[in-house]
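Letters A, B, ... are given to chains in the order of the sequence lines, protein chains preceding strands, and every chain is numbered from 1.
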Amino acid sequence: MSFSTMLSTMSAGMLRTFLIFALTLIGSLPLGMIVALLRKSRFAPVRGIIKAYISVMRGTPLMLQLLCWYFGPFYLFGWNIGSWRFPAIIVGFVLNYAAYFAEIYRGGIESIPTGQYEAAEVLGYTKFQTFMRIILPQVIKIIMPSVTNEVITLVKDTSLAFTLAYQEVFSLAKQISASQTSFMPFLIAGVFYFVANYVVEIVMSRVEKSMDYYK
Amino acid sequence: MIIEMKNIEKSFGGLEVLKDISFGVDSGEVVSIIGPSGSGKSTLLRCATFLETIDGGEIVYMGETAAHTDESGHAVYVSPQELRHFRKYCGLVFQQFNLFPHYSILKNLTDAPMRVQGLSRDEAEATAMDLLGKMGIADKAKAYPYQLSGGQQQRVAIARALAMKPEILFFDEPTSALDPELTGEVLKVIRQLAEEKMTMVVVTHEMPFAKAVSNRVIFMDGGVIVEQGDPKDVFDNPQEERTKQFLRVFER
């Protein structure tokens with residue numbers, strides 16, 4: 001198999017990897033905010049459930065969680081999981097990353113001085129306005145470095161979809177490497193991950209810079 | 001009367017901070033509140049501006065009741081929507097300024113009038129520039145809070161409160177977070193407002209300022225008003241032993 005054939009075979013996997021990456025972010029970034037806010041709910045049972053959820057998500061391997069999401073419905077309810085593979089991957093990734101993002105958001109929200117809330121309250125802002133206009137913009141600036149970290153980890157974590165035999169770039173690299181007895185597929189996969197993260201770094205540092213106008 | 005607070009009671013976890021305090025402020029009056037730390041001065045201001053809820057008593061703004069004690073002896077407030085109406089009456093200047101760091105100076109002054117009171121951008125900006133001019137910092141409109149000195153930031157905070165056109169402005173130790181050389185510029189602005197007959201209540205440790213600017217001085221200690229009256233009487237001829245003791249510390 002020539003280098004170019006390898007590359008074109010693997011490019012389909014790259015697209016699938018990107019799909020996991022993008023859908024996970026689209027799902028977990030907003031979901032994490034909802035989780036973070038529920039984590040501070042007035043109702044103790046809600047707080048308890050959210051705490052337990054975060055604890056389980058962070059305390060068990062993502063690989064194990066993916067297996068549970070995929071095979072769970074079959075073992076528990078005897079469902080046919082034939083077309084469930086990709087949705088299971090996305091559910092697993094989104095719920096896992098939402099937990100991490102929630103904790104990052106919570107840290108950011110808690111670092112905003114109470115004086116900001118009080119100033120807004122005295123000026124007559126509603127609670128919603130206060131959060132959206134005063135608190136959230138400051139939180140986003142504070143959490144950016146941690147979010148970048150998490151996004152970079154996600155690029156690499158997409159390879160865990162290999163556990164469910166999903167044909168993303170890492171799975172393909174392993175298959176082609178075995179069948180062609182070549183090290184080249186791994187090298188291609190490595191370069192792919194590295195370049196993807198290089199792009200992430202550039203984009204995120206731009207975003208951070210765009211918020212440099214205040215301290 | 002702009003504000004009337006009657007028989008205000010407030011405890012924090014069993015600790016009585018305000019014990020049956022009553023006080024009112026007339027239009028155009030400048031009242032200074034002095035007293036040792038922990039005497040309840042700040043809490044009184046925070047109750048008046050609805051940052052804290054009272055346990056008992058009555059808060060009346062412009063003849064309208066915002067909170068009162070019901071038959072069971074608990075303080076009840078008007079609905080949150082109605083409370084926003086009462087917030088229009090009062091402004092508060094904090095010790096720590098609490099400007100919004102992500103907004104320019106101009107936006108700090110225009111955002112609430114536009115978002116809360118529904119003013120147009122032109123109206124809000126005209127008022128804001130006018131106020132910044134009065135505060136002597138019109139050239140800082142495009143700057144961000146971190147680029148300003150503490151004294152300038154506090155003047156922005158005063159302007160931000162004034163932009164909402166409150167009936168009464170409360171100051172919670174407005175110069176306590178400032179370097180000594182910067183307190184003058186803030187006090188000058190407050191003095192200027194007093195000359196314009198702005199109704200104000202100032203919690204302060206600046207005794208010469210309190211004496212020179214206010215129409216009335218209130219000395220608080222241990223959650224009660226110990227003594228109040230004309231600044232000359234309270235400062236030069238205090239009647240209560242606790243007032244004398246407190247003022248003696250400042251003379252040294």
- Message: If I measure from the heavy atoms of chain A, does B/Arg84 come under 4.5 Å with its side chain, its backbone, both, or neither?
- Response: side chain
- Query: Quick one: does A/Val122's side chain get under 4.5 Å of B/Met164's, heavy atoms only?
  - Reply: no
- Item | Contact class of B/Leu99 relative to chain A, heavy atoms under 4.5 angstrom | backbone
- Specify which of B/Tyr144, B/Tyr103, B/Phe97, B/Phe100 makes the most heavy-atom pairs with chain A at under 4.5 Å. B/Phe100
- Gap between atom CG of B/Asn98 and atom CD of A/Gln116 - 0.5 Å precision: 6.0 Å
- Note on the structure: Turns out that what part of B/Arg160 lies under 4.5 Å from chain A's heavy atoms comes down to both
- If only atom types and distance count, is the side chain of A/Gln138 paired as donor or acceptor with the main-chain N or O of B/Pro101 below 3.5 Å? no
- Message: Take a 6.0 Å sphere around CZ of A/Phe86 and say whether it holds more than 12 heavy atoms from other residues, nucleotides or ligands.
- Response: yes
- Query: For the side chain of B/His102 and the backbone of A/Tyr213, is there at least one donor-acceptor N/O pair under 3.5 Å apart?
  - Reply: no
- Query: In terms of heavy-atom proximity below 4.5 Å to chain B, should A/Glu121 be classed as side chain, backbone, both, or neither?
  - Reply: both
- Could you state the interatomic distance from NZ (B/Lys88) to CG (A/Leu123), rounded to the nearest 0.5 Å? 14.5 Å
- Message: Quick check for you: to the nearest 0.5 Å, what is the distance between B/Arg115 atom CZ and A/Thr126 atom OG1?
- Response: 11.0 Å
- Query: Got a sec: does the CZ of A/Phe186 have more than 12 other heavy atoms crowding it under 6.0 Å?
  - Reply: yes
- Around B/Lys107, counting heavy atoms of other residues, nucleotides and ligands shown, do more than 12 lie under 6.0 Å from its NZ? yes
- Task: Flag yes if more than 12 heavy atoms outside B/Met114 fall under 6.0 Å of its CE atom; otherwise flag no.
- Result: yes
- What is the distance from atom CD of A/Glu118 to atom CD of B/Gln96, rounded to the nearest 0.5 Å? 11.0 Å
